[in-house]
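A note on names: the letters A, B, ... follow the listed sequences, proteins ahead of strands, and every chain is numbered from 1. Bear in mind that the values here come from a model prediction, so they are computed numbers and not experimental data. The basis for the numbers below is simple: all heavy atoms, side chains too, and nothing from hydrogens, waters or symmetry mates.
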Amino acid sequence: MKKENEGLIKQFTKIQEELLPQVKLENNFHKEEISLVAGVDLAYWENDTKHYGTCCIVVVDYHTMKVVEKVHSYGEIMVPYIPGFLAFRELPLIIKAAKKLKTAPTLYMFDGNGYLHYRHMGIATHASFFLKKPTIGVAKSYLKIKEQDFAMPKQEAGAFTDIMIDEEVYGRALRTTKGVKPIFVSCGNEIDLATSTEVVMNFINKESRLPVPVRLADLETHKVRKELKDNL
DNA sequence: GCGACAG
DNA sequence: ATCTTGTCGC
């Protein structure tokens with residue numbers, strides 16, 4: 001790790017260690033109540049020496065799969081990307097965008113881990129304390145923790161293997177689509193892993209291996225960035 | 001010096 | 001994350 005980040009790492013680690021005891025890996029709602037799910041993602045660009053980012057949140061109806069709302073925020077990015085501390089870099093714009101929502105999502109899904117993290121504090125878990133809603137972590141690649149690799153799930157859609165480290169389940173490798181690379185699902189907060197997996201699978205279609213809300217948020221960030229680039 | 005490393 | 005075209009395959 002870069003030496004100039006040592007101070008931040010110490011400071012950030014303390015903040016997350018204080019939040020950890022408040023994490024609850026149980027549903028804070030009834031499954032029948034799930035109606036709107038928000039997907040969150042960011043995209044970046046730069047002008048000269050300054051770094052900018054945009055956060056897009058796309059709210060999708062759990063049953064009809066229709067988009068019911070889209071909001072975004074943007075601004076200068078002041079925190080560097082440090083593996084394990086993604087939340088501190090992305091949270092400011094996430095909170096800014098979430099404040100613009102007129103609908104109230106039942107839960108949020110993130111592009112990144114939740115409990116599957118060195119300190120159980122991936123962005124999905126960390127963000128729940130500010131959004132005050134249940135959250136799910138959905139990562140496209142594996143973050144190796146304590147030298148532990150994950151077991152590859154079978155090729156069938158819906159197949160998964162739990163990622164267990166020191167007798168504890170951190171998350172799971174989930175094959176959302178037959179024959180395609182697995183994604184990594186973990187609890188964010190106020191939800192259990194089985195429900196998290198169920199929600200993710202509900203949003204899988206032929207278009208991508210990622211759940212629809214996160215996929216659409218990703219597409220939206222690229223679109224918004226294109227528009228903002230010329231106007232900043 | 002080399003490799004790791006969510007996004 | 002981002003820099004980037006075509007191309008192989010269903």
Side-chain angles (χ1 to χ4, degrees), chain A residues 1-6 8-9 12-13 16 39-57 72-95 97 108-128 135-150 155 157 163 165 170-174 176-189 196 200 205-211 213-215 217-226 228-229 232:
Chain A
M1 204 58 61
K2 290 184 181 177
K3 192 169 185 179
E4 65 240 47
N5 290 328
E6 283 178 5
L8 285 179
I9 290 173
F12 290 168
T13 300
Q16 295 194 321
V40 185
D41 195 19
L42 286 83
Y44 300 89
W45 73 94
E46 52 184 286
N47 260 337
D48 297 314
T49 162
K50 290 191 173 183
H51 291 202
Y52 295 91
T54 177
C55 170
C56 295
I57 300 180
H72 75 260
S73 64
Y74 64 89
E76 188 176 350
I77 301 296
M78 306 302 291
V79 180
Y81 169 65
I82 306 172
F85 299 90
L86 180 64
F88 295 93
R89 177 174 168 84
E90 306 200 326
L91 221 29
L93 288 182
I94 291 172
I95 294 169
Y108 288 78
M109 295 182 44
F110 289 80
D111 187 337
N113 295 306
Y115 202 73
L116 175 55
H117 180 274
Y118 311 122
R119 295 173 300 283
H120 292 315
M121 272 293 155
I123 189 162
T125 305
H126 195 140
S128 74
T135 58
I136 300 171
V138 178
K140 296 183 293 297
S141 62
Y142 182 58
L143 174 64
K144 200 176 204 176
I145 298 164
K146 296 184 182 179
E147 303 292 295
Q148 295 296 307
D149 276 312
F150 68 93
Q155 293 295 335
I163 297 164
I165 302 167
Y170 276 51
R172 57 180 47 156
L174 175 65
T176 58
T177 306
K178 182 177 181 179
V180 175
K181 284 199 306 179
I183 61 175
F184 303 87
V185 176
S186 59
C187 301
N189 198 3
S196 298
V200 167
N205 59 28
K206 292 180 180 177
E207 315 302 302
S208 95
R209 72 182 167 126
L210 292 173
V214 168
R215 175 59 178 156
D218 177 49
L219 292 173
E220 190 67 12
T221 58
H222 293 301
K223 184 177 158 191
V224 171
R225 176 178 57 190
K226 191 179 173 71
L228 290 174
K229 242 181 172 176
L232 275 183

key: Ile163(A) side chain near Leu116(A) side chain, heavy-atom distance below 4.5 Å   = yes

ask   = Going from CG on Asp111(A) to CG on Leu42(A), what distance comes out if it is rounded to the nearest 0.5 angstrom?
value = 9.0 Å

key: Value in whole Å for how far the C1' atom of dA1(C) lies from CG of Asp41(A)   = 9 Å

task = Tell me whether the OP1 or OP2 atom of dA1(C) has a side-chain N or O from Arg89(A) closer than 4.0 Å.
result = no

ask   = How many Å lie between CG on Asp111(A) and P on dG7(B), as a whole number?
value = 6 Å

inquiry  = When you measure from the side-chain N and O atoms of Lys140(A) to the phosphate of dG7(B), is any distance below 4.0 Å, counting only OP1 and OP2?
reply    = yes

query = In terms of heavy-atom contacts, does NZ of Lys181(A) have more than 12 from other residues, nucleotides or ligands at under 6.0 Å?
reply = no

message = Regarding Phe85(A), tell me which of base, sugar-phosphate or nothing describes its non-hydrogen contacts under 4.0 Å with the strands shown.
response = base

ask   = Does a nitrogen or oxygen in the side chain of Ser141(A) sit under 4.0 Å from OP1 or OP2 of dC5(B)?
value = no

message = What contact category does Gly137(A) fall into here, base, sugar-phosphate, or nothing, at under 4.0 angstrom with non-hydrogen atoms?
response = nothing

request  = Rounded off to whole Å, could you give me the CD1-to-C1' distance for the Ile123(A) and dA1(C) pair?
outcome  = 12 Å

remark   = From the candidates dC3(C), dT2(C), dA6(B), the one with an atom nearest any side-chain atom of Lys229(A) is dC3(C)

request  = Between dG1(B) and dG6(C), how far apart are the C1' atoms? Round to whole Å, please.
outcome  = 36 Å

request  = Please state how far atom CD1 in Ile94(A) lies from atom P in dA6(B), giving the value in whole angstrom units.
outcome  = 16 Å

query = Can Tyr81(A) be classed as stacking with the base of dG7(B), given a centroid separation cut-off of 5.5 Å and a plane angle cut-off of 30°?
reply = yes

inquiry  = Applying a 4.0 Å non-hydrogen cut-off, can you work out what His51(A) is touching in the nucleic acid: base, sugar-phosphate, or nothing?
reply    = nothing

query = When the C1' atoms of dC2(B) and dT5(C) are considered, how many whole Å apart are they?
reply = 31 Å

inquiry  = Rounded to whole Å, please give me the gap between CG in Leu210(A) and P in dA1(C).
reply    = 10 Å

key: Selected nucleotide, minimal atom distance to Leu143(A) side chain, candidates dC5(B), dG7(B), dC3(C)   = dC5(B)

query = Does the side chain of Tyr81(A) pick up a donor-acceptor pair with the side chain of Glu90(A) at under 3.5 Å?
reply = no

Nucleotide dC10(C), atom P - distance to NZ of Lys178(A) in whole Å = 13 Å

ask   = Please give, in whole Å, the distance from dC5(B) P to Ile9(A) CD1?
value = 16 Å

ask   = How long is the line joining NE2 of His117(A) and P of dC5(B), in whole Å?
value = 14 Å

